[in-house]
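Computed over heavy atoms, backbone and side chain alike; hydrogens, waters and symmetry mates excluded.
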Amino acid sequence: MLVGGQGEVIITNDGVTILEKMDVTHPAARLMVGVAQSQQRYVGDGTTTATVLAGALVAECVAHVTRGVPVAKVVRGLQDGVATAVLSLRERSRAVAGIDDPVLARIAYTAGREQRDIAALVLEAAQQLGLEQLSEEAYRFSDSVLAHADAVSEVWPGIVLRAMPMNPGAAVEHIRRAKVLVLRDELAPEAVAEEALVTEAGFQQYMHLRELFREDVRKLVELGVGLIAADRGVDPEAEQICSDHGIMVLQRVPKRELEALCTYTGAKPLRRMALKKSVEELRHGLGYAEELFYDDELDFVKISGGGGARNVTVIVGASTQEVVGERTRIAKDAASAVQAAVRGGYVPGGGAVEMAIAQAVEKSRECVTGMESFGIQAVAAAIRKPLGQMMLNSGYNPLEKVEALRAEQLLTGSDEIGVNCDTGELVNMMEAGVIDPTNVKIHALRSAGEVAAAVLRIHTVIKMK
């Protein structure tokens with residue numbers, strides 16, 4: 001539980017949220033926060049693992065530096081060791097067989113903190129999207145998660161805009177087979193200078209521009225536009241015309257939501273001057289939605305059947321605002337983990353694969369004759385640290401369990417053997433359903449290695465005034 005200065009409360013098990021909300025001032029500690037933020041930004045899960053790894057790498061390498069090994073040699077060995085570990089991870093990665101692969105359900109369940117309802121929502125959304133959409137580089141599955149304290153949890157087959165129409169009374173009913181206009185401008189007539197308005201000619205120009213503007217708005221009615229979304233204000237007369245013809249109007253829509261609307265409906269963002277074009281020319285810039293309506297209980301505009309890229313929205317409900325925040329973070333982690341597995345495959349979880357790649361790193365050290373070998377040795381030791389921490393958290397002797405696991409993996413030649421934290425027994429992690437996305441592990445290793453190398457190179461910290 002994180003408590004702010006004004007009494008605000010955040011209840012979370014999310015590593016990056018905890019680190020971001022803490023009052024971290026030490027420069028090296030802030031670099032560690034950066035590791036978690038980078039992990040969250042690129043893969044959306046594994047922030048705690050990345051932070052623990054970074055700390056372990058620094059601690060192990062510093063131990064060698066204090067013994068007299070040059071920092072440059074340790075850093076070079078660290079970089080070589082991380083590269084070997086990443087290569088070993090890629091070689092051990094298993095590909096997802098399809099969108100119905102049971103592995104995805106297990107990954108969603110694990111990343112979703114074992115909350116079955118959230119895992120089920122994320123999995124349903126993933127199945128509606130399909131492998132092709134989840135594999136798109138520009139698409140972030142976690143961005144489709146939306147939470148509300150009064151909402152009923154569901155997967156909406158489209159997008160949801162957090163906006164209230166200017167004319168909610170005319171927009172409560174469902175609008176079907178609607179054209180969509182997106183304006184990167186205000187929906188208003190051209191302005192006339194205030195000095196000119198006091199003259200007869202200036203006033204006549206003002207009235208003429210307003211008449212031209214009315215004609216432009218009537219074109220939208222003729223085109224069958226059902227939704228107008230503008231990133232700036234909307235003229236009251238335009239709003240009235242739209243209300244009279246059942247057109248939903250949204251003003252001051254955030255840029256991110258406008259982009260999502262364009263992508264989903266196929267609309268091309270237009271400037272105000274584009275309304276001067278002919279009806280036929282305007283038609284090419286419009287998007288399409290099979291259905292849209294305003295949910296007045298939640299202040300959401302729901303859109304489905306878009307004419308552009310496929311999309312879904314995972315709506316997560318909860319009882320209070322504090323719980324909503326945590327359920328949102330959990331759902332985003334689960335969505336990110338599922339997408340990471342689709343893109344890069346998966347490996348055994350629970351520290352099993354870490355033990356296997358640590359042994360691969362140690363084996364590569366045998367071929368190194370210089371002092372870089374100490375840096376490689378530090379990487380192998382650091383990779384085992386998350387497993388040791390799990391054993392400690394579970395009430396076991398980490399030295400005993402880690403050594404027993406190492407011996408069993410060497411004996412069986414399998415990277416699937418791990419430790420059951422409830423019983424302390426060695427079990428097959430894949431059969432137990434403990435599975436992690438490969439990309440989460442790879443990014444955690446890389447970002448932790450980069451920050452550890454940066455910290456080790458620091459000789460002096462100078463405080464700026």
### Query
Between the side chain of Ser142 and the main-chain N/O of Ser336, is any donor-acceptor distance below 3.5 Å?
no
### Query
Hey, is the main chain of Arg162 close enough, under 3.5 Å, to the side chain of Glu257 for a donor-acceptor pair?
yes
### Message
Nearest 0.5 angstrom please: Gln251 CD to Leu183 CG, how far?
### Response
12.0 Å
### Query
Heavy atoms, side chains only, cut-off 4.5 Å: are Asp235 and Phe213 in contact?
yes
### Message
Do Gln133 and Phe141 have side chains that approach each other closer than 4.5 Å (heavy atoms only, starting at C-beta)?
### Response
no
### Task
Look at Lys276 together with Asp216 and state whether they make a salt bridge at an N to O cut-off of under 4.0 Å.
yes
#### Entry: Partner of Lys302 by salt bridge (charged side-chain N to carboxylate O under 4.0 Å, His left out), out of Glu154, Glu290, Glu297, Glu291
Glu154
### Query
Any donor-acceptor pair under 3.5 Å linking the side chain of Gln128 with the backbone of Ala126?
no
### Query
Is a side-chain N or O of Arg94 found less than 3.5 angstrom from the main chain of Arg92, in a donor-acceptor match?
yes
### Query
Do Ser278 and Glu281 pass the side chain to side chain donor-acceptor pair (under 3.5 Å) test, and can you show the C-alpha distance, the side-chain angles, and the key distance before you say yes or no?
CA-CA 5 Å; Ser278 67; Glu281 288 176 311; 3.3 Å; yes
### Task
Kindly write out the residues that satisfy ring-ring contact (aromatic ring centres under 6.0 Å, His included) with Phe300, not counting sequence neighbours, or none if the list is empty.
His148
### Message
Can you tell whether the side chains of Glu326 and Arg329 come within less than 4.0 Å, N to carboxylate O?
### Response
yes
### Query
Crowded around Tyr139 OH? As in, over 12 foreign heavy atoms under 6.0 Å?
yes
### Thr328 (side chain) donor-acceptor with Val324 (main chain) under 3.5 angstrom
yes
### Query
Is it true that Arg252 and Glu186 have a side-chain N and a carboxylate O under 4.0 angstrom from each other?
no
### Query
Do Tyr264 side-chain atoms and Gly306 backbone N/O form a donor-acceptor pair below 3.5 Å?
yes
### Query
So which pairs with a foot in residues 337-357 pass side-chain hydrogen bond (donor to acceptor under 3.5 Å, both in side chains), sequence neighbours left out?
Glu354-Lys441
### Query
Side chains of Val301 and Tyr294: closer than 4.5 Å at any heavy-atom pair?
yes
### Query
With the threshold set at 4.0 Å, does a side-chain nitrogen-carboxylate oxygen contact exist between Asp231 and Arg272?
no
### Query
Less than 4.5 Å apart, any side-chain heavy atom of Pro348 and any of Val434?
no
### Query
Nearest 0.5 Å, what's the CG-OG distance between Leu129 and Ser144?
6.5 Å
### Task
Using a 4.5 Å cut-off on heavy atoms from C-beta on, say whether the side chain of Leu275 contacts that of Leu181.
yes
### Task
Check whether any side-chain heavy atom of Glu211 sits under 4.5 Å from a side-chain heavy atom of Met207, and report yes or no.
no
### Message
Treating Ser364 as the side-chain partner and Val361 as the backbone partner, does any N or O pair qualify as donor plus acceptor under 3.5 Å?
### Response
yes
### Task
Could you point out which residue of Ile357, Leu57, Leu53, Thr84 forms a side-chain contact (heavy atoms from CB on, under 4.5 Å) with Val379?
Leu57
### Query
Short question: side chain of Asn428, backbone of Glu431 - any donor-acceptor pair under 3.5 Å?
yes
### Query
Judged by atom type as modelled, is there a donor-acceptor pair below 3.5 Å linking the side chain of Arg457 to the main-chain atoms of Ala452?
no
### Task
Salt-bridge test for Arg232 and Asp185: reply yes if a basic N is under 4.0 Å from a carboxylate O, no otherwise.
yes
### Task
Give a yes or no on this: more than 12 heavy atoms of other residues, nucleotides or ligands lie within 6.0 Å of atom CD of Glu222.
no
### Query
Between atom CZ of Arg106 and atom CE of Met429, what is the distance when rounded to the nearest 0.5 Å?
11.0 Å
### Query
Could you give the distance from CG (Asp295) to CE (Met164), rounded to the nearest 0.5 Å?
12.0 Å
### Message
With a 4.5 Å cut-off on side-chain heavy atoms, are Glu8 and Val3 touching?
### Response
no
### Task
Please tell me if the side chains of Leu212 and Glu215 come closer than 4.5 Å, counting only heavy atoms from C-beta onward.
yes
### Task
Using a strict 4.0 Å threshold on nitrogen-to-oxygen distance, state whether Asp143 and Arg256 make a salt bridge.
yes
### Message
Check this for me: does any side-chain nitrogen of one of Glu280 and Arg283 sit under 4.0 Å from a carboxylate oxygen of the other?
### Response
yes
### Query
Got a sec: does the CZ of Arg210 have more than 12 other heavy atoms crowding it under 6.0 Å?
yes
### Message
Looking at Lys277, I'd like to know if its NZ atom is crowded, meaning that more than 12 non-hydrogen atoms belonging to other residues, nucleotides or ligands lie closer than 6.0 Å.
### Response
no
### Query
What are the two closest non-hydrogen atoms of Asp436 and Gly349, and how far apart are they?
OD2-CA, 3.4 Å
### Query
When rounded to the nearest 0.5 angstrom, what distance separates CZ in Arg140 from CG in Leu134?
13.0 Å
### Task
Answer yes when Arg327 and Asp117 have at least one side-chain N-carboxylate O distance shorter than 4.0 Å, and no when they do not.
yes
### Task
Supply the atom-to-atom distance Asn311 CG to Trp156 CH2, rounded to the nearest 0.5 angstrom.
12.5 Å
